[in-house]
Amino acid sequence: MPIRVYNTLSRQKEEFQTVVPGHVGMYLCGPTVYKPAHIGHMVGPVIFDTIKRYLTYSGFQVKFVINITDVDDKLIVRAQERGTTVEKLAAEMTQDYFDNLKIMSVDSVDLFPYATAHIPEMLAIIGKLVDAGQAYPLDGDVYFDVTKDADYGALSHRNISEMLAGARIEANDRKRHPADFALWKRSKPGEPAWDSPWGAGRPGWHIECSAMSMKYLGETLDIHGGGLDLMFPHHENELAQSESCTGKKFTRYWLHNGLMQGGKAAGKVGGGHDRHGDALLDKESQEAGKLAGSKGAASVKELFARHRPETVRFFLLATHYRSPIEFSDEGLIEAAKSLEGFYRLFESYQRVSGHSFYQLPAAARRATAPPLPDEPPGFFGELRLLRDRYLDAMDDDFNTGAAIGTLFEIRRAINNFIQEHNLEAAGAAQPRLVAGLTAAMTLLRELTGLLGVFVNPLPGPAAGDDQFTGELMNLVLELRAELRAAKNWPLSDKIRDRLARLKVVVEDRPSGAAWRRDA
RNA sequence: GGCGCCGUAGCCAAGUGGCUAAGGCAGCGGAUUGCAAAUCCGCCAUCGAGGGUUCGACUCCCCCCGGCGCCUCCA
C-alpha cells in the first residue's frame, strides 16, 4: 500500500512520491530561540520525528532538517530586557530547546542550521529577486513584490484583494503593495547587522527558511512541515520567494500540524493573544495554559516534573497530527493509565522468558524485520492482521491514533496467549511457545519503536529507591510469604494493605510476590 | 469582514456511502485468586439539530446551533 499524505497546498491526500526515488528531504520550521520552550514547541518535532521514523522504516533515506532562528525582533527585545546579548540569549535558549528534544526522544534530526550562519545564502536569494524585478529596495529595506507572483496566496488559499478587505493589514505608504513583505531590514544602531548591497541590516522573517532548506535539501523539498499558524504568512511567503528565485516547485508536500489548545476559553496557548484577559479565564483554562506554558511560561521541564516524557509523547501521538490537541492534566493522567498495561506486559514477558522487552532487537526498517512464525497459526494470524492494520493506518497520512488502537489489540492478543497457555507458571516446559511469545513481543517492540515510545526501560520497580529499600522490601515479602504459607491471611493481608497505603502494590503470583510503586 | 477547522458513548479518540461505527480511560457483570492485584471474557454510542441528494448517509450538499484557528514576525 503506497503512502499517502495530506498536502495543504492541494487540500487533499496525495500519493507520496519523492523527487529522488528512495530519498526524502524534510524540513521543519524550528523555533525562534528567545524564551524557554513550552510544550507546544514539542508538538511539531515529535510528529515529524515520528514521520521520519516511519518513512525510514518504509525504506526511504530521509534527511531531516530543523532550523534555529537566532536573529529576530523578539530576540533583540528580550536580550535588551535581560541585559544580555542576542548571541548569549540565543545560545542559552537553543540549549534549552535541544535538552527538551532529547527528553522527548526526538533524535532523528540530521541537521540544525542557524540563521546567522547563512546570511550570504540569504543575500544571494534576495539579490536574484531584486535583479529579476520581483523585489525592490526601499530606504535600506528590501521588499518582495507580491504582485509579481501570480500564485501568491495559493498555499493559504487567499487572494490579495480579499485580504485587503479586512482591516487587519495596516497600509504602509512606503511599500508598493500592503502585502509586500520584508526580505531584508535595515538595522538600527545597536542591533545585530550584516553588510549587504542595500546597507547594514538583518534578514526578514521568511528568507532564512528558504535559504537553509534549499541549501541542505535542494531547490525542491519533499516535505515541508510546521504548525498551522505558520501557513500564513510565513509559509506562503517562503513559497513565493523560493519559487520566484528558482523557477522550480519549492515543496512537494506541505504538512501542517494542529496546534496545542489550552482549554476551551483560553484560546491558543503559548502565543501572544490576550483577548480575554486573565481575569476572564476560568480555572481550568488557566491550569491548562500554565501546563502548556503560556504567559507565565511554565516550561517543558516543569511539565516533566509531573508527567513522564513517554506519557507526553504518547499523548501527542494519540490524536491525528492535523487536529488540535487539548492539553490537560486529566488527559495526561489518562494517557499514563493507558500505558500501564504495556508495562505490566513487559514485566510478564520478563518473568516468562527471563528477557527484557527493551533488549529485543527492533528493526528500523521493515525489510530487515524478522518474519513472524507460522505456529501457532491462530495467534500469529491475528498478529499479522493487526500488524497490517497498523501499517495501513500509518500509510494513510501517518494516522498514529488509529495505529495506537491496534497496539492495544496486540497487547490483548499477547496477554491472551500467555494466559491461554499458562506461560507464567508453565513457560519453562514449553520453550516453543515462549519462542513464539518472543517473536510477538519483538513485533510489538518494532511497532512501538516507530512511535518513539517504550524505547528505553522505565526506572525499575524500585524507581527512585535505594538498595536499602529494595532489601527491606525483599525481607518484608519473604516474611509475608511465610505467613501465607501458614495461611495466616489476616496478617499477610494487613501487610499488603499497609503497603498499598504507601503506594506500593504487591502482586501475589504463582511464581512469588512482585512489588512496584503505584503510578 | 475574509479564509479555514471541528462537534462520534460519562471522558479521550479512530473511522466508512450499505457487513456487527476501532481503541483507550472510567463504570457494570463474570472467569481467575484464600482475598486482592495483574490478566482474560462480556456489557456500555446510531455519530450536534433540521432539510436535501441517494435504493441507502454518521460518512456528500444546504442551512442552523455550538466550539475553535488564522488573517497581528506565535511551533
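What's counted below: heavy atoms across the whole structure, side chains too, no hydrogens, waters or symmetry copies. Within every chain, numbering begins at 1; the chains are lettered A, B, ... in the order of the sequence lines, protein sequences first and strands thereafter.
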Side chain to side chain contact (heavy atoms under 4.5 Å, CB included) with A:Asp388: which residues, sequence neighbours excluded?
A:Arg366
Counterpart residues, side chain to side chain contact (heavy atoms under 4.5 Å, CB included), relative to A:Val146 (two or more places apart)
A:Phe144, A:Tyr152, A:Ile160, A:His177, A:Ala179, A:Asp180, A:Phe181
Describe the nucleic acid contact of [X] in one word from base, sugar-phosphate, nothing, applying a heavy-atom distance below 4.0 Å.
X: A:Thr69; answer: nothing
X: A:Arg484; answer: base
X: A:His206; answer: nothing
X: A:Gly225; answer: nothing
X: A:Arg351; answer: nothing
X: A:Asn416; answer: sugar-phosphate
X: A:Ser348; answer: nothing
X: A:Leu228; answer: nothing
X: A:Asp508; answer: base
X: A:Gly341; answer: sugar-phosphate

Could you tell me whether the phosphate oxygens of B:rA75, OP1 or OP2, come under 4.0 Å of any side-chain nitrogen or oxygen in A:Thr32?
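For B:rA75, OP1 or OP2 has a side-chain N or O of A:Thr32 closer than 4.0 Å.
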Same-atom distance ([atom1]) from [N] to [M], integer angstrom:
N: B:rA13; M: B:rG18; atom1: C1'; result: 24 Å
N: B:rG66; M: B:rG50; atom1: C1'; result: 15 Å
N: B:rA45; M: B:rU33; atom1: P; result: 32 Å
N: B:rU59; M: B:rC6; atom1: C1'; result: 15 Å

Is the positively charged end of A:Lys13 above the ring of A:Tyr6, judged by distance under 6.0 angstrom from the centroid and angle within 45° of the axis?
no
Protein-nucleotides 57-61 of chain B N/O pairs closer than 3.5 Å?
none

Mind checking whether A:Phe342 and A:Phe346 have parallel, tilted or perpendicular rings, split at 30° and 60°?
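The arrangement is tilted - the two ring planes meet at 30° to 60°.
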For [N], what is the paired nucleotide under Watson-Crick or G-U wobble rules, both distances under 3.5 Å?
N: B:rA57; value: none
N: B:rC5; value: B:rG67
N: B:rU39; value: B:rA31
N: B:rC19; value: none

A:Tyr343 OH - B:rA37 P separation (whole Å):
22 Å
Roughly, in whole Å, what's the span from CZ in A:Phe314 to C1' in B:rA13?
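Spelled out: CZ on A:Phe314 to C1' on B:rA13 is 11 Å.
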When you get a sec, tell me which of B:rA38, B:rC71, B:rC35 is the closest nucleotide to the side chain of A:Phe232?
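For A:Phe232, the side-chain atoms sit closest to B:rC71.
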List in chain and number order the residues that pass ring pair (Phe, Tyr, Trp, His ring centres under 6.0 Å) with A:Tyr114, two or more places apart in sequence or in another chain; answer none if no residue qualifies.
none
Within residues 397-412 of chain A: residues closer than 4.0 Å to RNA chain B (heavy atoms):
A:Asn399, A:Gly401, A:Ala402, A:Gly405, A:Phe408, A:Glu409, A:Arg412
Is there a donor and acceptor pair closer than 3.5 Å between the side chain of A:Arg344 and the base of B:rA38?
no
Using the benzene-type ring in the case of Trp, are the ring centres of A:His256 and A:His235 under 6.0 Å apart?
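Centroid separation for A:His256 and A:His235: below 6.0 Å.
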Please, which pairs that meet side-chain hydrogen bond (donor to acceptor under 3.5 Å, both in side chains) have at least one residue in residues 408-419 of chain A, sequence neighbours excluded?
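Of all non-adjacent pairs touching residues 408-419 of chain A, those that pass side-chain hydrogen bond (donor to acceptor under 3.5 Å, both in side chains) are A:Arg389-A:Glu409.
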